[in-house]
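These figures come from a predicted structure and were not determined experimentally. Chain naming here is simple, since letters A, B, ... match the order of the sequence lines and numbering starts at 1 in each.
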Protein chains: 2
Amino acid sequence: MIDQVFEILKENNLKLTPQRKEIVKILWENRGHHLEIEVIYNLVASKGKKCIGLATVYRTMELFNKIGLISRITMEKSPAKYELNVFDKLNHHHLICLKCGQVQEISDDIASEFKTIIAEEADFKVADKPMKIYGYCSKCREP
Amino acid sequence: MIDQVFEILKENNLKLTPQRKEIVKILWENRGHHLEIEVIYNLVASKGKKCIGLATVYRTMELFNKIGLISRITMEKSPAKYELNVFDKLNHHHLICLKCGQVQEISDDIASEFKTIIAEEADFKVADKPMKIYGYCSKCREP
DNA sequence: CTATTTGCAAAGATTTTGCATAACG
DNA sequence: CGTTATGCAAAATCTTTGCAAATAG
């Protein structure tokens with residue numbers, strides 16, 4: 001399971017350093033959640049094992065993002081968040097609550113028709129990446 | 001026309017300082033474009049008139065965003081961009097090219113059905129704000 | 001007049017980078 | 001072994017803030 005992820009790293013000529021393994025583990029254990037760099041860094045550190053540098057986490061996430069292993073979502077007033085692109089839910093989208101910052105997801109099924117229309121009307125190929133849709137979750141319903 | 005914008009400021013109990021007027025003018029003259037703080041700052045400064053502080057531009061845009069006069073879009077690797085919410089196109093969405101960074105817009109008509117579905121399926125009220133949809137424009141079509 | 005707003009410079013927050021050292025393959 | 005990756009600290013970026021002076025209403 002998680003070994004599939006390690007495979008992906010190899011396929012992209014990335015060395016399997018202990019740091020990268022630890023980061024992957026953390027991402028895997030928290031799949032479905034959106035983690036900030038700082039959080040990942042602390043989780044890795046708290047695992048007791050040898051420490052890791054913040055810069056390494058930044059560099060690693062940049063790399064992982066580049067090879068499509070993770071998705072980064074850029075927040076308005078807080079650090080970016082990252083999540084593993086798990087295979088059976090590679091295509092989903094983020095509903096971001098403007099009030100509490102909570103991130104919900106919806107599947108690509110709901111969006112796929114929308115994407116088709118965009119492709120036709122705007123000659124724009126929507127990426128297989130989460131869209132960011134701002135609004136208000138049920139708890140914070142717009143005033 | 002532009003006076004309507006000044007009206008909005010008054011309605012929100014914001015004083016009409018020369019700095020705010022100049023910023024509004026710049027936004028108006030560039031409506032439909034997405035401007036960075038630095039650009040707005042330089043445009044105001046280059047108008048010859050009395051100078052303006054960078055902090056004032058930041059504070060003003062934060063305020064304008066809060067009252068819904070403008071939309072801010074947060075970019076991944078560059079400063080945020082701002083644009084005036086012009087009345088006849090208040091509801092539109094951003095198609096952001098991952099390669100060249102170009103920002104296209106689509107109207108809310110295309111998206112409204114999508115929003116309805118989201119409201120129903122996810123109990124999430126999509127804000128009257130641009131959604132961010134990443135992908136590849138016709139020039140940079142995905143490799 | 002008084003509450004807001006401004007400008008400046010200093011501080012914050014987040015992210016990137018240079019470089020010597022370590023270590024994967 | 002040679003290339004790639006790491007850690008640290010320093011730098012770069014973008015944005016926010018404190019405070020005294022200025023000013024809109």
Review point. Which part of the nucleic acid does R20(A) contact within heavy-atom distance under 4.0 Å: base, sugar-phosphate only, or nothing?
Key: sugar-phosphate
Exercise for review: Could you check K77(B) against L63(A) and say which one's nearest nucleotide on DNA chain D is further toward the 5' end?
Suggested key: L63(A)
Residues 54-69 of chain A side chain polar contacts: donor-acceptor under 3.5 Å, at least two apart:
residue	atom	partner	partner atom	Å
T60(A)	OG1	T56(A)	O	2.6
E62(A)	OE1	R72(A)	NH1	3.4
E62(A)	OE1	K77(B)	NZ	2.7

**Study point:** Gap between atoms NZ and P, on K66(B) and dT5(C) respectively (whole Å)
**Key:** 12 Å
Exercise for review: Please report the shortest heavy-atom distance between A122(B) and Q104(A), naming the atom on each side.
Suggested key: O-OE1, 3.3 Å
Review point. So does T17(A) get a side-chain nitrogen or oxygen closer than 4.0 Å to the phosphate oxygens (OP1/OP2) of dT6(D)?
Key: yes
Point to revise | E76(B) CD to dT13(D) P, straight-line distance once rounded to whole Å | key: 19 Å
Review point. Rounded to whole angstrom units, what separation is found between the CG atom of L54(A) and the P atom of dT17(C)?
Key: 15 Å
Revision key, fill the gap. L14(B) CG to dT5(C) P, in whole Å, measures 6 Å
Check your understanding: Which pairs pass salt bridge (Lys or Arg N to Asp or Glu O under 4.0 Å) with one or both residues in residues 2-19 of chain B, sequence neighbours excluded?
Key -> E7(B)-K10(B)
Practice item. Please state whether the phosphate of dA24(D), meaning OP1 or OP2, lies under 4.0 angstrom from any side-chain nitrogen or oxygen of Q19(B). Key: no
Review point. Can you tell me if the side-chain N/O atoms of Y58(B) get under 4.0 Å from OP1 or OP2 in dT16(D)?
Key: no
Point to revise | Heavy-atom pair of closest approach, residues F124(A) and Y134(B) | key: CE2-C, 4.0 Å
Review point. Minimum heavy-atom separation for A111(B) to F114(A), with atom names?
Key: CA-CE1, 3.5 Å
Review point. With a 3.5 Å cut-off and just heavy-atom distances, do the side chain of K15(B) and the base of dT23(D) make a donor-acceptor pair?
Key: no
Practice item. Calculate the interatomic distance between I52(A) atom CD1 and dC8(D) atom P; express it in whole Å. Key: 10 Å
Check your understanding: In terms of side-chain heavy atoms of R59(B), which of dT6(D), dC8(C), dC8(D) is nearest?
Key -> dC8(C)
Check your understanding: So what is the end-to-end bend of the helix from dC1(C)-dG25(D) to dG25(C)-dC1(D), with 5 pairs used at each end and the value given to 10 degrees?
Key -> 40°
Practice item. Whole angstrom is fine here: how far is it from CG in N65(A) over to P in dT16(C)? Key: 11 Å
Check your understanding: Is it true that K115(A) and E120(A) have a side-chain N and a carboxylate O under 4.0 angstrom from each other?
Key -> no
Check your understanding: Which atom pair, heavy atoms only, marks the closest approach of T74(A) to M75(B)?
Key -> CG2-O, 3.6 Å
Exercise for review: Go through dT6(D), dG7(C), dG25(D) for me and flag the one nearest to the T56(A) side chain.
Suggested key: dT6(D)
Exercise for review: Round to a whole Å and report the spacing from CD of E22(A) to C1' of dT6(D).
Suggested key: 15 Å
Check your understanding: Roughly how many Å is it from CG in L16(A) to P in dA5(D), rounded to a whole number?
Key -> 11 Å
Revision key, fill the gap. E62(B) has its side chain closest, among dT16(D), dT6(C), dT16(C), to dT16(D)
